Amino acid sequence: MTLKDFKDKFSDWNTYYNDNEVEKMPWYEKNLDNDLENEIISRNLSKGRFLDLGTGPGTQANQLAKRGFDVTGTDLSENAIEKAKTLSNKVNFLTDDFLNSKLPDNEFDYIFDRGCFHVFDVSQRPKYVKQIKRILKNNGKLFLKCMSIEEKNLPDNEVPHKFSKQQIIDIFSNDFEIQSIKDSVFKGTLDQFPKALFIVMKKS
Ligand SMILES: C[S@@+](CC[C@H](N)C(=O)[O-])C[C@H]1O[C@@H](n2cnc3c(N)ncnc32)[C@H](O)[C@@H]1O
């Protein structure tokens with residue numbers, strides 16, 4: 001399947017998770033995201049509270065729990081969460097709309113967002129930044145993977161939104177210390193992996 005086929009089929013998240021096998025979704029990746037894995041190894045991280053935001057199939061949350069983190073996985077879609085629960089009983093899977101999140105303040109050492117931020121409307125970005133800041137502990141880190149402006153198979157100004165490095169700096173740098181931004185890809189089930197940015201930032 002190409003990115004365009006997927007966009008044509010897509011209606012809304014909960015219906016999509018009800019009607020489709022997670023293993024065939026474009027973002028499905030059984031293993032831990034390579035970029036996050038590298039950060040965990042290079043920073044020698046092995047414990048702490050991790051939120052997998054927009055967990056979808058729950059594979060990333062499952063992999064983090066296997067590495068010893070105390071993991072919560074949240075998603076807007078109840079159907080996604082029901083399916084994710086079958087994957088691991090070590091992860092606390094919850095239905096939660098991140099923009100109106102009921103997660104407590106200063107709760108997580110780390111947040112991983114692989115493909116959720118880029119689905120939000122431009123007008124929702126300040127709310128997203130506010131929620132990340134509220135939920136992360138002081139000095140907590142956000143690991144963010146989003147679509148890159150370099151991905152030419154997607155139209156501009158549509159979901160998923162595409163970002164340049166400068167846009168990321170403009171959106172986050174008032175509230176976060178941006179530690180790295182690198183070019184990457186979204187490994188998944190598509191024939192060609194879409195181009196992505198992988199960003200590490202610290203709550204400042
Ligand atoms: C591209 S998928 C990525 C799924 C997962 N992170 C992964 O990498 O396999 C984006 C996910 O964000 C979820 N999502 C969309 N809007 C959301 C919201 N307001 N709050 C929480 N999750 C949301 C969708 O249901 C979907 O599972």
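When a residue number appears, it is its place in the shown sequence, counting from 1. All ligand and atom numbering here is 1-based and tracks the order in the structure. On a predicted model such as this, the values are computed, not experimentally measured, just so you know. Quick note: numbers below take in every heavy atom, side chains included, and nothing from hydrogens, waters or symmetry partners.
- Considering only heavy atoms from C-beta on, Y128 comes within 4.5 Å of L53 through its side chain.
- For ligand 1, the polar-atom distance check finds an N/O of D97 within less than 3.5 Å of one of the ligand's N/O atoms.
- A centroid separation of less than 6.0 Å is found between the aromatic rings of W27 and Y16.
- With a 6.0 Å radius and a threshold of 12 heavy atoms from other residues, nucleotides or ligands, N31 has its CG atom above the threshold.
- Using cut-offs of 30° and 60° for the angle between ring planes, the F143 and F198 rings count as parallel.
- With ligand atoms numbered from 1 in the order given, ligand 1 contributes 10 (C), 15 (C), 24 (C), 25 (O), 26 (C) to contacts under 4.0 Å with heavy atoms of W13.
- Ligand 1 has Y17 within reach: a non-hydrogen atom of the residue lies less than 4.0 Å from it.
- Looking at ligand 1, you won't find any N or O of P57 less than 3.5 Å from one of its N or O atoms.
- When the shell of 6.0 Å around CD of E78 is examined, it contains 12 or fewer heavy atoms from other residues, nucleotides or ligands.
- Taking the six-membered ring wherever Trp is involved, the centroid distance between the rings of F120 and F98 does not fall below 6.0 Å.
- Between L36 and F50 there is a side-chain heavy-atom pair separated by less than 4.5 Å.
- Considering backbone and side-chain atoms alike, V119 places every N or O at 3.5 Å or more from each N or O of ligand 1.
- Looking only at heavy atoms of the protein, atom 12 (O) of ligand 1 is closest to C116 SG, 3.6 Å.
- Proximity of Y28 to ligand 1, defined as any heavy-atom pair under 4.0 Å, is not found for any part of the residue.
- A distance of 6.0 Å or more separates the ring centres of F69 and F112.
- When only non-hydrogen protein atoms are considered, atom 9 (O) of ligand 1 lies nearest to W27 CD1, 3.3 Å.
- Remark: K202 NZ to Q179 CD distance equals 6.0 Å, nearest 0.5 Å.
- The shortest N/O to N/O separation between F98 and ligand 1 falls below 3.5 Å.
- Closest to atom 11 (C) of ligand 1, if we only count protein heavy atoms, is G54 O, 3.7 Å.
- Ring geometry for H118 versus F186: interplanar angle of 30 to 60°, hence tilted.
- Below 3.5 Å of separation, one finds no N or O of H118 facing any N or O of ligand 1.
- Looking at ligand 1, you'll find an N or O of R114 within less than 3.5 Å of one of its N or O atoms.
- The distance from ligand 1 to the heavy atoms of D96 drops below 4.0 Å at these ligand atoms: 20 (N), 21 (C).
- Of the options D70, D109, N92, a side chain to side chain donor-acceptor pair (under 3.5 Å) to R49 is made by D70 and by none of the others.
- Using a 4.0 Å cutoff on heavy atoms, F120 counts as a contact of ligand 1.
- Counting only heavy atoms of the protein, atom 10 (C) of ligand 1 lies nearest to G115 O, 3.3 Å.
- With respect to atom 13 (C) of ligand 1, the closest heavy atom belonging to the protein is D75 OD2, 3.4 Å.
- Contacts of T55 with ligand 1, taken as heavy-atom pairs under 4.0 Å, involve the backbone alone.
- Looking only at protein heavy atoms, the nearest one to atom 17 (C) of ligand 1 is L76 CB, 3.6 Å.
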